[in-house]
Engineer: 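Can you read through this structure? Questions will come right after.
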Amino acid sequence: MPSSVMALGQGRSSGPRMASSACCCCPAAVQRRLPILAWLPSYSLQWLKMDFIAGLSVGLTAIPQALAYAEVAGLPPQYGLYSAFMGCFVYFFLGTSRDVTLGPTAIMSLLVSFYTFHEPAYAVLLAFLSGCIQLAMGVLHLGFLLDFISCPVINGFTSAATVTIGFGQIKNLLGLQNIPRQFFLQVYHTFLRIAETRVGDAILGLVCMLLLLVLKLMRDHVPPVHPEMPLGVRLSHGLVWSATTASQNNYRIDANQELLAIGLTNVLGSFVSSYPVTGSFGRTAVNAQSGVCTPAGGLVTGVLVLLSLDYLTSLFYYIPKSALAAVIIMAVAPLFDTKIFRTLWRVKRLDLLPLCVTFLLCFWEVQYGILAGALVSLLMLLHSAARPETKVSEGPVLVLQPASGLSFPAMEALREEILSRALEVSPPRCLVLECTHVCSIDYTVVLGLGELLQDFQKQGVVLAFVGLQVPVLRVLLSADLKGFQYFSTLEEAEKHLRQEPGAQPYNIREDAIPDPKVTLLKA
């Protein structure tokens, strides 16, 4: 799930426009499934130089991160590199963004650790199965399901995962042994055995964190990269970014195509002992800031990872866990968004509910936290649909305006509102239902409005409609509701209900409104 809800980097003006470029010799459907056809025919030498630098920068980032994230997943470090190269080659053909990179991530590694029990075979099987599911979702165009996961749920999950991952590395930073992986037990045993800290591991880890912090401060003073800069300067610029970035840039991408790319990456990756991968926040930002022009930069990254597997595997044993722990902690720390709580408090306090539910339950089980947060968001959405706000004007004629659309859950609440304000008072009052914001209605609403019209007729008063959009008007006319009266403006409705001359309701047949642009004429 986190692989699909992430927001990714906004592209710069230089380089090809991945979504809008067109190849005159390729059908649109083929080009949509193979985005490489949009930019490859116009590939240039300048793009090649920029892609090479970006790919090299991302590769130098991916190698230490892959080793570190394998530790988060509870797997031997080489499995991080097994997982880091397949996405580079697959995304070259199927990717819709020049900036996005696929590979191991902290949050996905955390999810893997919950289900694989430190067994590489289970992790590889998980990659294959998740890839099949993602491929099926992409083929069936189910990317729209991600729209039902709200930003508070995403932020709650990400923040909880940040705390879980970060604190999970404290044991490695301090050199503690035999600490449980369950979060609450982990917290208890870490503080219980703090006296067993190995001074050498702690010093090395803190020095690495300090170095990464210095690089972060340097990044804030590094000028933007330009093609005219020397190669060494641009490469060092990329390295500074690669060591310090977990940022996101709101990149608009095709969700279904991305599902296909990620799904195929996981399926093919399972044949080379990969565990599940997804898009990386940090490496995507490194890619963008390094001046990448096309997904071809991923080829350089993939080759670099393969070379490290071929020539550096024997050295992985000697990498200190405290150094990897420092890399992980500094990588995930920026993902904890402290501002979101203050922002939601100012903007809409009710949105704090799904955020807090997700955040707290994710410490128990991640999947339960996400599911509970999504369920709370869905209940809030259903409540707003069932109890829409209404604006009431108490003038010479009572006017009631629903502030949002009308659907069957809202009909009973609207009926009670109308009855209490118009028919259950003495004497009964005429009412105008202002429907400017109502863009569609269903059969239940039509039945409810028909019953309301009958109730008004029995009381000897009128229920009139104003501001009906053409689709809604067509539905009401086809229902042939007895006593239905429609006016083009509120002023005309008020004149008619006050029995002033010169204002009559429209008498319109359904076949007289063929399209939304028709001009309604009085009969």
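In this text, all values refer to a predicted model and were calculated from it rather than measured experimentally. Positions are given from 1, in the same order as the sequence printed here.
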Engineer: Would you sort out whether Gln367 and Tyr115 count as a side chain to side chain donor-acceptor pair (under 3.5 Å), showing the intermediate values?
Structural biologist: CA-CA 11 Å; Gln367 68 274 22; Tyr115 300 104; 2.7 Å; yes
Engineer: Any side-chain donor paired with an acceptor under 3.5 Å for Tyr91 and Glu258?
Structural biologist: yes
Engineer: Check whether any side-chain heavy atom of Leu75 sits under 4.5 Å from a side-chain heavy atom of Glu119, and report yes or no.
Structural biologist: no
Engineer: Does any N or O in the side chain of Ser83 come within less than 3.5 Å of the main-chain N or O of Tyr275, such that one atom is a donor and the other an acceptor?
Structural biologist: yes
Engineer: Short question: side chain of Asn256, backbone of Gly143 - any donor-acceptor pair under 3.5 Å?
Structural biologist: yes
Engineer: Any donor-acceptor pair under 3.5 Å linking the side-chain atoms of Gln257 with those of Arg32?
Structural biologist: no
Engineer: Has the side chain of Gln469 got a donor or acceptor atom that lies under 3.5 Å from a matching backbone atom of Ser440?
Structural biologist: no
Engineer: Answer yes or no: is there a donor N or O on one side and an acceptor on the other, between the side chain of Ser130 and the main chain of Ala127, under 3.5 Å?
Structural biologist: yes
Engineer: Could you pull out all donor-acceptor pairs under 3.5 Å where a side-chain atom in residues 167-180 meets a protein atom, sequence neighbours excluded?
Structural biologist:
| from | atom 1 | to | atom 2 | distance (Å) |
| --- | --- | --- | --- | --- |
| Gln169 | OE1 | Asn172 | ND2 | 3.2 |
| Lys171 | NZ | Gly168 | O | 2.6 |
| Asn172 | ND2 | Glu71 | OE2 | 3.0 |

Engineer: Of Thr278, Asn266, Ile262, which is the lone residue that meets side-chain contact (heavy atoms from CB on, under 4.5 Å) with Leu102?
Structural biologist: Ile262
Engineer: Regarding Thr96 and Asp254, do their side chains bring together a donor and an acceptor under 3.5 Å, going by distance alone?
Structural biologist: no
Engineer: Okay, side chain of Arg387, backbone of His383: is any donor-acceptor separation there less than 3.5 Å?
Structural biologist: no
Engineer: Looking only at atom types and distance, does a side-chain atom of Thr190 sit under 3.5 Å from a main-chain N or O of Val187, one as donor and one as acceptor?
Structural biologist: no
Engineer: Look only at the side chain of Ser274 and the backbone of Ser270, and say whether a donor-acceptor pair between them is shorter than 3.5 Å.
Structural biologist: no
